[in-house]
Amino acid sequence: MTKSSYKTGSTLARYGGAWTTYLGSAHGVLTAAQMTDLSLTEMAGMTGMAFQLYMHKHCDAASVTVYDWVSRHLNVLDRIGILSEVYHYEPGTRTYEAARKHAVTNIQASIDRGVGVVAWAIDGGEFGIIHGYDDEDGVYLVDGVAKFNRAFGSDPVLYENIGLTFPPAPFLHYQIPIASVAYNREQTYVDSLKFYVHEMEKQYHMSPDFHSGFLAYDNWIHALSSASYNAFGLRYSTSVYAEAKMWAAEYVRLLANSWGEMPRLSDIADRFEEIAKLYSKMMLDILAQDWDGAKHLGKPVTTEQANQLIPCLKKAKVLEAEAVCILKEAL
């Protein structure tokens, strides 16, 4: 490539940090593009991301990302008034390679107008942000979880490698915010709580090996009781959901204090705060891990630790059932 054809582009979008990496990436992109002024907690609650609870029968790490990405990610941003486009292609489809080549056109166009892109497989099996590109080197400039674990942060991704950087799940998946529109914030509050009830009571989730809500608790408890859990996945999922439950508790308390248009919101917030405390105990006290996952995720989980988690999960499930019961009456 000659110097005269050199091009580069960048945005201010950066990954702010969240165990739910899709949420952290989307929030970073929207905030930098001035498409939202929501805090991470507000966005987690209003979009329903704080209420997702999925678990594989052996607590595999994939638990937290096994859901319908296309419809869910479109819905997440639609809930807060963001029109977006999601591109998703998988190996084995006839247009997969063509889509990977065409991605550079879509991504560069978004960056040229100052809007970053949410993408899968940035720093391994996580979502991250494409915030720039460099035609001379043929790379996307990215930001993801590696910034917390490596001095030099995230490695650029070659144009030709988009979608291929995490071999276990080589999906081409990226989302481009297009525009923000006015929306009914109070309706979003109601919809988010309805989503919570739906996800907790859902009877089928993606495949027989994964469950949502109350059935996810059953999967989790059974895996621990039968010692059939994946230790890495167990630690990873616990961190993701401990953070999500913290967001959920903060969000519902915020609604109880500042909105208050639904009866017994304070009672629901009380339950959510107790649930968050249980998840914090599971993570910090029983599994002895903090928010710096790189230091802890590879450690084994002893039988004693697994057995100590079970009563916490059983109590959390009871509290969730109480919250759902109150919400169904209020809604």
Side-chain angles (χ1 to χ4, degrees), residues 1-35 65 69-70 73 77 82 84-179 292-294:
M1 180 177 292
T2 64
K3 194 66 177 178
S4 61
S5 63
Y6 169 80
K7 282 178 60 181
T8 189
S10 64
T11 72
L12 298 175
R14 295 295 185 275
Y15 178 75
W19 277 85
T20 302
T21 54
Y22 168 77
L23 180 66
S25 300
H27 185 262
V29 166
L30 296 177
T31 300
Q34 298 184 338
M35 289 184 172
T65 52
W69 289 359
V70 177
H73 292 167
L77 297 198
I82 305 296
S84 69
E85 295 175 348
V86 171
Y87 299 84
H88 183 96
Y89 298 86
E90 299 186 11
T93 58
R94 292 171 176 79
T95 55
Y96 175 70
E97 289 300 332
R100 291 200 316 108
K101 292 178 182 177
H102 184 67
V104 67
T105 300
N106 294 330
I107 292 170
Q108 286 188 355
S110 185
I111 291 168
D112 287 346
R113 63 186 179 86
V115 179
V117 176
V118 178
W120 169 248
I122 303 299
D123 299 329
E126 299 288 355
F127 291 96
I129 292 173
I130 301 176
H131 62 81
Y133 66 88
D134 186 331
D135 267 349
E136 185 172 69
D137 293 328
V139 297
Y140 300 108
L141 308 177
V142 303
D143 197 47
V145 296
K147 68 192 295 179
F148 302 110
N149 304 316
R150 298 172 51 195
F152 298 104
S154 304
D155 289 330
V157 176
L158 289 168
Y159 292 166
E160 62 195 60
N161 285 343
I162 188 73
L164 302 178
T165 54
F166 184 61
F171 307 140
L172 175 66
H173 182 96
Y174 60 99
Q175 183 173 18
I176 299 175
I178 303 299
D292 186 354

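The analysis underlying the following values was restricted to heavy atoms, covering all of them including side chains, and did not include hydrogens, waters or symmetry mates.
- Interatomic distance, OG1 of Thr8 versus CG of Asp137, reported as 9.0 Å (0.5 Å rounding).
- Aromatic ring centroids of Phe171 and Trp69 lie under 6.0 Å apart.
- Judged by distance alone, the side chains of Gln108 and Asp135 do bring a donor and an acceptor atom under 3.5 Å apart.
- Under the 3.5 Å distance criterion, with hydrogens and angles disregarded, a donor-acceptor pair is assigned to the side chains of His173 and His73.
- Between the CD1 atom in Ile162 and the OH atom in Tyr89 there is a gap of 13.5 Å [rounded to 0.5 Å].
- With respect to the salt-bridge test (charged N to carboxylate O, under 4.0 angstrom), the residues Arg150 and Asp155 qualify.
- Side-chain atoms of Asp123 do not come within 3.5 Å of backbone N or O of Ser154 as any donor-acceptor pair.
- Distance alone, capped at 3.5 Å, places no donor-acceptor pair between the Glu126 side chain and the Gly144 backbone.
- The CG atom of Asp134 sits 11.0 Å away from atom CG of Leu158, with the distance rounded to the nearest 0.5 Å.
- Not a single donor-acceptor pair under 3.5 Å links the side chain of Ser10 to the backbone N or O of Gly132.
- Using a distance-only test at 3.5 Å, with no hydrogens or angles considered, a donor-acceptor pair links the side chain of Asp143 to the main chain of Tyr15.
- Atom CG of Leu172 is separated from atom CH2 of Trp120 by 12.5 Å, given to the nearest 0.5 angstrom.
- At a cut-off of 3.5 Å, with distance as the only test, a side-chain donor of Asp112 or Tyr133 sits close to an acceptor on the other residue.
- Note that the OH atom of Tyr22 and the CD atom of Gln175 stand 3.5 Å from one another [nearest 0.5 Å].
- Annotation for Glu97: atom CD counts as buried by contact number, over 12 foreign heavy atoms lying within 6.0 Å.
- At least one donor-acceptor pair under 3.5 Å links the side chain of Thr165 to the backbone N or O of Ala121.
- The CD1 atom of Ile122 lies 9.5 Å from the OH atom of Tyr140; values are rounded to the nearest 0.5 Å.
- Between Leu77 and Leu30 the shortest side-chain heavy-atom distance falls below 4.5 Å.
- Of the residues Val117, Val157, Ile129, the one that meets the side-chain contact (heavy atoms from CB on, under 4.5 Å) test with Val142 is Val157.
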Practice task
Take Ile176 and Arg113, measure what side-chain contact (heavy atoms from CB on, under 4.5 Å) needs, and give me the verdict at the end.
Solution key: CA-CA 11 Å; Ile176 299 175; Arg113 63 186 179 86; 3.5 Å; yes
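- For Ser110 (side chain) and Val115 (main-chain N/O), a donor-acceptor pair under 3.5 Å exists by modelled atom type.
- Put simply, the side chain of Arg100 gets close to the backbone of Glu160: a donor and an acceptor are under 3.5 Å apart.
- Heavy atoms from other residues, nucleotides or ligands lying under 6.0 Å from CD1 of Ile178 number more than 12.
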